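Following: one structure in structure tokens, then a few remarks.
This is a predicted model, so every value here is computed, not measured.
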Amino acid sequence: MEDRRIDIEVDGIQFISHGHYYDGMNNWLCHQLKDNDPQVIDYCARQLAAMLPENAIIVPIPGHHGYADQTLSLARAISSITEGKIGVANILKGNNRDSNYQAKKDGHPLSIEQLGLHRVGILPNDKVPYLLDNCVDTGTTAKAAVKALGGGIVLSYAMSDTLLERQLEESFVLHR
């Protein structure tokens, strides 16, 4: 069941994911992506490349050090697999901070403002930005990236239940 694509909209932002975090080995793959495992990066990049249109440009989302590291490696692998047809724009930076994962685990998730994401470059006019993250949980980091960039579609390898439940709640409220 790892290959169950997710395509949802939450708070006016489109989120696309290769699959559910808790399906098969997706959670293990996400942890290996964070460890920059070259074989896992190649495997995940091939899955994600197949999901992207030719007019896409990948914008890696910065990690807790304030710059894109693991997401940049994954973005470059996707670009390589597509023989450069899908480019990479490493144009987001952020605050050096605790990881949002650790902050949530400690009971004090970070706000969009605490992430401090901001744009440091420009995008080509003829490209659609896909903001790349390894895994989406609450969507806070992705939403901060979209806000900093001024738009875009969020692309992740896996998505956990938190954002999916939020989308279901929004859908339920809208259809009542």
Side-chain angles (χ1 to χ4, degrees), residues 5-19 30 33-38 40-101 103 109-160 163 166-167:
R5 178 183 166 135
I6 299 169
D7 191 341
I8 64 171
E9 185 176 314
V10 177
D11 296 332
I13 299 171
Q14 184 178 1
F15 290 83
I16 299 172
S17 183
H18 173 262
C30 284
L33 284 171
K34 287 192 182 291
D35 289 338
N36 267 331
D37 180 314
V40 170
I41 290 170
D42 182 67
Y43 174 81
C44 294
R46 289 179 187 288
Q47 307 304 311
L48 292 173
M51 297 171 59
L52 292 170
E54 285 189 22
N55 67 337
I57 188 160
I58 303 168
V59 179
I61 296 176
H64 70 278
H65 296 297
Y67 55 88
D69 183 11
Q70 297 94 350
T71 54
L72 182 57
S73 296
L74 183 56
R76 287 178 174 156
I78 293 168
S79 184
S80 177
I81 287 164
T82 64
E83 298 175 346
K85 291 178 186 146
I86 296 176
V88 177
N90 187 16
I91 60 170
L92 290 178
K93 301 293 180 220
N95 292 338
N96 186 359
R97 55 179 169 73
D98 287 336
S99 75
N100 205 18
Y101 170 80
L110 302 174
S111 68
I112 287 176
E113 293 75 25
Q114 289 171 310
L115 296 172
L117 298 183
H118 57 280
R119 188 176 178 160
V120 296
I122 59 172
L123 288 169
N125 289 332
D126 61 338
K127 298 291 183 178
V128 176
Y130 281 77
L131 295 104
L132 180 64
D133 207 349
N134 299 334
C135 181
V136 172
D137 182 40
T138 62
T140 302
T141 306
K143 290 174 192 174
V146 169
K147 181 178 177 183
L149 196 62
I153 298 167
V154 177
L155 174 70
S156 64
Y157 187 76
M159 184 180 295
S160 76
L163 195 64
R166 173 105 187 268
Q167 191 262 346

Residues L74 and A45: closest non-hydrogen pair is CD1-N, 3.7 Å

For residues R5 and H18, determine if any side-chain heavy atom of one lies less than 4.5 Å from a side-chain heavy atom of the other. no

Note: G151 and L131 closest approach over all heavy atoms is O-CD1, 3.8 Å

Would you say the side chain of V146 lies within less than 4.5 Å of the side chain of V154, judging by non-hydrogen atoms? yes

Heavy-atom check, side chain of Y157 versus side chain of L33, under 4.5 Å: yes

Would you say the side chain of V10 lies within less than 4.5 Å of the side chain of F15, judging by non-hydrogen atoms? yes

Find the distance between CD1 (I58) and CG (L52) and round it off to the nearest 0.5 Å. 5.5 Å

List the atom of G63, the atom of R97, and the distance in Å for their closest heavy-atom pair. O-NH2, 3.6 Å

Any donor-acceptor N or O pair under 3.5 Å, side chains Q114, N95: no

Measure the CG-NE2 distance between N96 and H64 for me, rounded to the nearest 0.5 Å. 7.0 Å

Tell me if the NZ atom of K127 is crowded by more than 12 foreign heavy atoms within 6.0 Å. yes

Of all heavy-atom pairs between P129 and V59, which one has the smallest distance, and what is that distance? CB-CG2, 4.2 Å

Under the side-chain contact (heavy atoms from CB on, under 4.5 Å) criterion, do I8 and M159 qualify, and how do the steps go? CA-CA 11 Å; I8 64 171; M159 184 180 295; 3.8 Å; yes

Do the side chains of L132 and I61 get nearer than 4.5 Å, heavy atoms only? no

All pairs passing side chain to side chain donor-acceptor pair (under 3.5 Å) where residues 65-75 contributes a residue, at least two apart: N36-S73

Chi angles and distances behind the side-chain hydrogen bond (donor to acceptor under 3.5 Å, both in side chains) call for S156, D133: CA-CA 5 Å; S156 64; D133 207 349; over 6 Å; no

Non-hydrogen side-chain atoms of V128 and P53 separated by less than 4.5 Å: no

Donor-acceptor contacts under 3.5 Å from residues 75-93 side chains, at least two apart:
unit_1: S79; atom_1: OG; unit_2: I86; atom_2: O; d: 2.8
unit_1: T82; atom_1: OG1; unit_2: I78; atom_2: O; d: 3.3
unit_1: T82; atom_1: OG1; unit_2: S79; atom_2: O; d: 3.0
unit_1: T82; atom_1: OG1; unit_2: I86; atom_2: N; d: 3.2

Closest approach of R119 to I122 (non-hydrogen atoms, all atoms of both residues): NH2-CA, 3.8 Å

Can you measure from CD1 (I153) to CD (E9) and round to the nearest 0.5 angstrom? 10.5 Å

So which of V136, D137, T138 actually passes side-chain contact (heavy atoms from CB on, under 4.5 Å) with S160? D137

Distance check, rounded to the nearest 0.5 Å: I16 atom CD1 versus Q14 atom CD? 4.0 Å

Measure the spacing between CZ of R46 and CD1 of I41 and express it to the nearest 0.5 Å. 13.0 Å

Are L117 and K147 close enough that some pair of their side-chain heavy atoms sits under 4.5 Å apart? no

By side-chain contact (heavy atoms from CB on, under 4.5 Å), which residues pair with D126, not counting sequence neighbours? P124

